[in-house]
Every structure is written in C-alpha cells, then in structure tokens.
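Below is one structure, written out as structure tokens, with a few remarks after it.
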Amino acid sequence: MRRRTDGVTPGRPVGSAPQHGPAGVVTVHEVDVELVEDAEPRSARVRSRDPDRRRSRPATARGAEPAARRHLGGLATGTALALVGVLVLGLNVATEARSTAAAARVAAAPGVLDAVTGFGVSWTRTDVQLLGVVEDVVLVSSAGRMAEALDARTGAVLWTVGEPGGSGWCTLLSSDQPGIQFERTTPWTPAGEDLACHRSGWWSDGPTDPLRRRTLVEVVDTATGRTTGRLEEDGRLVTSMLVAGDLVPVVARDDGSVVVSRWEPGAARTRWRTVSGPGLATPDAVGTAVLQDGRTLTVRGHTRLTVALADGSPLASHVPALARRRTAGTPPTPPVTDVPDPVALVAGPEGTRVVEPGQGRAVRELWRLPRGTTPVPVADVAGVLVLAGTAQVAAHERRTGRVLWRTETAAAVDPVALTDGVVVLLPVPGDGTTDLAAVRLADGLELWREPLPPGTRLLVPAGAAVVVQARDGVVGVPVSP
C-alpha cells in the first residue's frame with residue numbers, strides 16, 4: 001500500500017476541488033494499489049501523457065521493432081567483419097606472394113649468399129693464394145699445383161690443374177678485368193668465369209718428336225675441372241692479356257720472331273694470328289708489350305711490332321689521335337642486384353647523382369649525394385642501396401635516398417657485397433680484431449658478430465660460405481650451416 005499526499009480524494013475525478021480537513025492540514029487518504037509485473041522492456045516503453053494513446057499501441061509491436069533493428073545491425077556488422085577479414089586475408093596473401101617473389105629474385109641474383117644463420121666450423125688452407133671464387137668453388141694456387149678447386153663449405157679438394165712441382169700459373173677469365181693475366185687474385189665478380197692456365201717449358205709429343213720450348217694455354221671449366229680449350233705455340237710466353245673476354249698471348253720464338261694471336265676461350269678458336277720477322281725478340285726477353293687505347297698492341301724489342309686488335313693487321317705505328325682520345329667511363333653499378341636495371345652513380349661538380357636507366361640512353365635521376373662524396377655501390381637488393389665509403393657503409397632507401405642506417409667498417413678490408421637480401425655481413429672493428437658482423441638490411445640492427453682471422457684483407461661470397469684471404473692463407477667461413 002502507498003500513501004498519497006496530493007490532497008485528491010479517492011474516486012474523485014482529476015481537477016475537482018480537493019477536500020481539506022482543518023485549516024492548513026491536508027487530509028491523508030490511503031489508496032490501494034495493485035502491483036502488476038510489466039513484461040515490456042523498460043527501454044521499449046513509450047512515455048506519453050495520454051493514457052488512451054499509450055494503451056492503443058500493442059506492446060508486442062513496440063518491442064519487436066528495435067529487436068529487428070538489432071538483428072539487422074548484427075547482420076551488417078558480421079558482414080562487414082567478414083569483408084574486412086577477406087580483405088586482410090587477400091592483402092596478406094598478396095604481400096606474402098610479393099615477398100616470396102622478391103626473395104626468389106634476390107636468391108637468383110648472382111653473388112647472393114644462401115640464407116645467413118650464423119657462423120659454422122671454418123676451414124683453413126695455409127700457404128696458398130686466392131685466385132677467385134665462382135659460385136661455391138674456391139680457386140687457389142699453391143707451390144705444388146697451378147690451381148686447386150676447393151668446396152667453399154668444407155674446404156675439400158674438388159679438382160686440380162698441373163703436376164706437383166710443375167711451373168705455370170692460372171687466372172680467372174673475368175671479362176670486366178682487362179689487362180695482363182699474370183698470376184694474381186682476381187677481384188670478385190658475380191658472373192661465373194672459366195680459368196685460363198698458362199705454362200711454358202721444354203717438352204716433346206713423343207720419342208720421335210724433337211724437344212723444343214713450348215707455350216701451352218688451357219681453359220678449364222671451373223665447375224668440373226675439365227679442359228674445354230687448348231692453345232699451343234712454339235716458344236716462350238712473354239705475356240698474356242685479356243681484351244673483351246679474349247686472350248691475347250705474346251710468344252717469343254727461338255729465332256727472335258714474335259707470335260701475337262687473339263684467342264676466344266669460350267669457342268676455343270683463334271680469331272687472328274700475326275707473326276713478326278726474325279730479330280724482334282732477344283733469346284731471353286722482349287722489351288715491352290703494351291696495350292694502347294684498347295685498339296692496338298705494340299711489342300718492343302730490337303724492333304717494334306704494332307698490330308690492330310680488331311683483326312691483327314700490322315700497323316706502321318699506333319695512331320696518336322686515338323692515344324689522346326678520352327673515352328667516357330662506365331658509371332659504377334652495384335655488383336649484386338635483384339633488379340634488371342640497377343642504379344648507377346654518376347659523379348659531377350654538384351655531387352654524385354644516383355640514376356636509373358631510362359628510355360634509350362637516357363637516365364632518370366633519383367637523388368643526389370653531397371658534393372665530395374664518392375662512395376662505391378655495393379648492393380642494390382630488396383629496395384635498399386648499400387654504399388661503401390671510407391671506413392663506413394651506409395644503407396639508403398633506393399627510391400628516395402633516405403638514410404636507413406650507417407655503420408663503421410674496417411678500413412683494411414675491401415668492401416664486397418655479402419648479403420642474402422635480409423642480412424648483410426660487414427667487416428667491422430672489434431676488440432683488437434676485425435669482426436664479421438651480421439647486420440639486418442632493413443634497419444641496421446646488429447644480430448651477431450664473430451672475429452675474423454688475423455690479417456684479413458679480402459672477403460668473397462661463396463654461396464653458403466664467406467671466403468677470407470688472410471695473412472696465413474685462405475679461410476672458409478660457413479655462414480649458412
């Protein structure tokens with residue numbers, strides 16, 4: 001029961017005069033109120049001052065309409081979430097496909113390491129000289145052999161050239177390293193090359209063949225150790241030069257004549273062969289043999305012989321105008337890249353321009369380095385351009401030039417691209433040593449480091465390993481155990 005204090009007499013209509021008791025006192029009436037449970041939700045009630053209007057609208061209609069709206073809203077939300085999920089899944093699949101394609105491009109690029117995971121157990125060959133690396137084959141020379149091929153991961157001997165204690169020397173036929181081909185370490189290039197092995201000596205072809213001095217040049221397939229080409233001349237080898245991928249040996253005969261030829265190793269054929277008259281060479285030596293302008297070769301001894309490199313025709317002399325001509329050099333490009341048209345660095349008075357090839361011979365400038373900065377491009381992979389300066393390496397965003405990271409490197413070690421597209425290996429100063437540090441290409445985070453052998457001068461990628469030319473020999477360091 002609830003008390004009313006509004007002064008309304010029970011049963012009287014609203015608006016009639018109230019009944020009062022004594023002056024100033026309001027009569028209190030007791031009213032019986034029946035409490036009925038309302039099944040209609042509170043939120044669905046329509047508040048109205050008109051009781052008849054309130055009763056005229058069915059409660060079921062008022063309650064069902066918001067429920068229907070909630071049901072439709074739930075369906076719309078679920079549909080939107082499903083669409084978002086499909087879009088996210090599609091984006092993830094597309095991103096994964098692009099990442100897989102990018103990783104495949106990087107893995108297929110010449111000179112890229114296998115996935116770098118850490119240092120393995122290294123191997124060492126003392127008293128050998130590094131000739132070069134072709135994919136995962138390490139080529140060295142020693143006192144006992146003209147050349148040996150070693151497995152980059154284990155150091156096991158795969159094949160050899162020459163007899164123990166024999167004389168001779170071998171070099172890689174690197175088409176972008178012209179010049180004299182005496183025994184030396186060929187700077188690393190990503191393209192696989194054959195090996196050219198030269199030797200001179202006295203021998204005969206059989207019991208009835210007279211003993212005579214000969215020069216033998218053999219081309220060896222670095223993958224198998226098989227001889228694929230052979231050039232032989234009577235006489236002693238004076239020098240051998242590499243011109244546009246062809247060998248140009250100069251051989252002095254015992255009668256003083258000189259033989260100059262141009263030999264194509266890949267096809268094992270002689271393009272041309274020119275023989276001078278007697279008396280050019282002495283029994284022991286020829287004065288000089290000089291390449292001029294990449295067009296002529298002059299041999300000087302008692303007399304002089306100048307030949308055109310194009311066809312071997314003898315010339316009265318080289319053309320002075322050609323000697324003075326200055327040809328534009330090829331702008332340096334990164335040796336390791338996963339794009340068909342890598343960027344090039346073009347030095348100029350206003351700074352070094354980073355350009356990419358355009359239509360025809362045109363180039364498009366991407367960005368510039370400050371004036372006086374002349375770094376060496378090392379790698380252009382995964383959208384990152386790695387440039388090596390004096391005792392430092394910097395990674396730039398390829399399209400904009402934004403510096404992603406920069407780190408100090410060991411000045412005594414030549415910069416070479418050592419990367420798998422995710423991690424780059426850098427020679428860095430350590431605690432009294434030179435260390436090999438694994439740095440994440442995207443942000444420069446150093447993942448791990450290990451000390452390199454004392455006297456490290458050169459690092460070369462070799463598939464699952466890094467080959468080190470050190471003071472005491474050649475060391476193989478597996479980086480993808």
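The figures that follow rest on heavy atoms only: side chains count, while hydrogens, waters and symmetry mates do not. Every value quoted in this text rests on a predicted model; they were computed, and no experiment measured them.
Looking at Thr274 and Val307, their side chains come closer than 4.5 Å, going by heavy atoms from C-beta outward. Under the 4.5 Å side-chain criterion, counting only non-hydrogen atoms from C-beta, Val217 is not in contact with Cys197. A 4.5 Å side-chain heavy-atom check between Leu459 and Leu436 finds at least one atom pair inside the cut-off. Considering only heavy atoms from C-beta on, Val466 comes within 4.5 Å of Leu425 through its side chain. In this structure the side chain of Val393 reaches within 4.5 angstrom of the side chain of Val386, judged on heavy atoms. No side-chain heavy atom of Leu309 sits less than 4.5 Å from a side-chain heavy atom of Thr296. By the 4.5 Å heavy-atom criterion applied to side chains, Thr352 and Thr374 are counted as neighbours. Under the 4.5 Å side-chain criterion, counting only non-hydrogen atoms from C-beta, Thr333 is not in contact with Val343.
Applying the side-chain hydrogen bond (donor to acceptor under 3.5 Å, both in side chains) rule to pairs touching residues 452-464 yields nothing, sequence neighbours excluded.
Between the side chains of Thr215 and Ser200, at least one donor N or O sits under 3.5 Å from an acceptor N or O. A side-chain donor from one of Thr306 and Thr298 sits under 3.5 Å from a side-chain acceptor of the other. There is a side-chain donor-acceptor pair under 3.5 Å between Asp435 and Thr433.
Classification of Arg398 and Asp380 as a salt-bridged pair holds, one side-chain N sitting under 4.0 Å from a carboxylate O. Between Arg226 and Glu218, none of the side-chain N atoms (NZ, or NE/NH1/NH2) sits under 4.0 Å from a carboxylate O, so this pair counts as no salt bridge. Between Arg273 and Glu233 there is a salt bridge, with a side-chain nitrogen of the basic residue lying less than 4.0 Å from a carboxylate oxygen of the acidic one.
Between the Thr419 side chain and the Val423 main chain, a donor and an acceptor come within less than 3.5 Å of each other. When atom types are taken as modelled, the side chain of Asp338 and the backbone of Ala382 share a donor-acceptor pair closer than 3.5 angstrom.
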Is there a side chain to side chain contact (heavy atoms under 4.5 Å, CB included) between Arg371 and Glu350? Walk through the geometry before answering. CA-CA 6 Å; Arg371 184 166 52 185; Glu350 298 181 357; 5.8 Å; no

Walk me through it: do Leu231 and Thr270 pass the test side chain to side chain contact (heavy atoms under 4.5 Å, CB included)? CA-CA 9 Å; Leu231 174 68; Thr270 301; 4.2 Å; yes

Show the numbers, then the answer: is there a salt bridge (charged side-chain N to carboxylate O under 4.0 Å, His left out) between Asp234 and Arg212? CA-CA 7 Å; Asp234 285 348; Arg212 62 188 186 275; 3.1 Å; yes

Evaluate the criterion side chain to side chain contact (heavy atoms under 4.5 Å, CB included) for residue pair Val474 and Val467; output intermediate values, then yes/no. CA-CA 7 Å; Val474 174; Val467 178; 3.7 Å; yes

Go through the steps for Glu148 and Arg125 under the test salt bridge (charged side-chain N to carboxylate O under 4.0 Å, His left out), then give the verdict. CA-CA 11 Å; Glu148 294 184 44; Arg125 281 292 303 272; 3.2 Å; yes

Going through the checks in order, is the side chain to side chain contact (heavy atoms under 4.5 Å, CB included) test met by Val258 and Val251? CA-CA 6 Å; Val258 171; Val251 177; over 6 Å; no

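Closest approach of Pro377 to Pro335, counting heavy atoms only: O-CD, 3.5 Å. Scanning both residues, Ala464 and Arg153, for their nearest heavy atoms gives CB-NH2, 3.1 Å. Looking at every heavy atom in both residues, Trp405 comes nearest to Asp443 through CD1-C, 3.3 Å. Closest approach of Leu139 to Ala149, counting heavy atoms only: CD2-CB, 4.0 Å. Here the closest heavy-atom approach between residue Ala391 and residue Ala411 is recorded as CB-CB, 4.1 Å. Nearest heavy atoms, Leu131 versus Ala147: CD1-CB, 4.2 Å.
The salt bridge (charged side-chain N to carboxylate O under 4.0 Å, His left out) test with Glu232 singles out one residue from Arg214, Arg213, Arg199, and that residue is Arg214.
Taking CH2 of Trp367 as the reference point, atom NE2 of His396 lies at 4.5 Å (rounded to 0.5 Å). Distance CZ/Arg406 to CG/Leu387: 9.5 Å, rounded to 0.5 Å. Residue Asp127 holds its CG atom at 9.0 Å from OG of Ser142, rounded to the nearest 0.5 Å. The distance from atom CH2 of Trp272 to atom CG of Asp246, rounded to the nearest 0.5 Å, is 9.5 Å. Note that CG of Asp136 and CG of Leu113 are 11.5 Å apart. Values are rounded to the nearest 0.5 Å. Of the inter-residue distances, the one linking Thr409 atom OG1 with Leu426 atom CG reads 7.0 Å to the nearest 0.5 angstrom.
Note on ring orientation: taking the six-membered ring where Trp is involved, the planes of Phe119 and Trp448 are tilted (angle from 30° to 60°).
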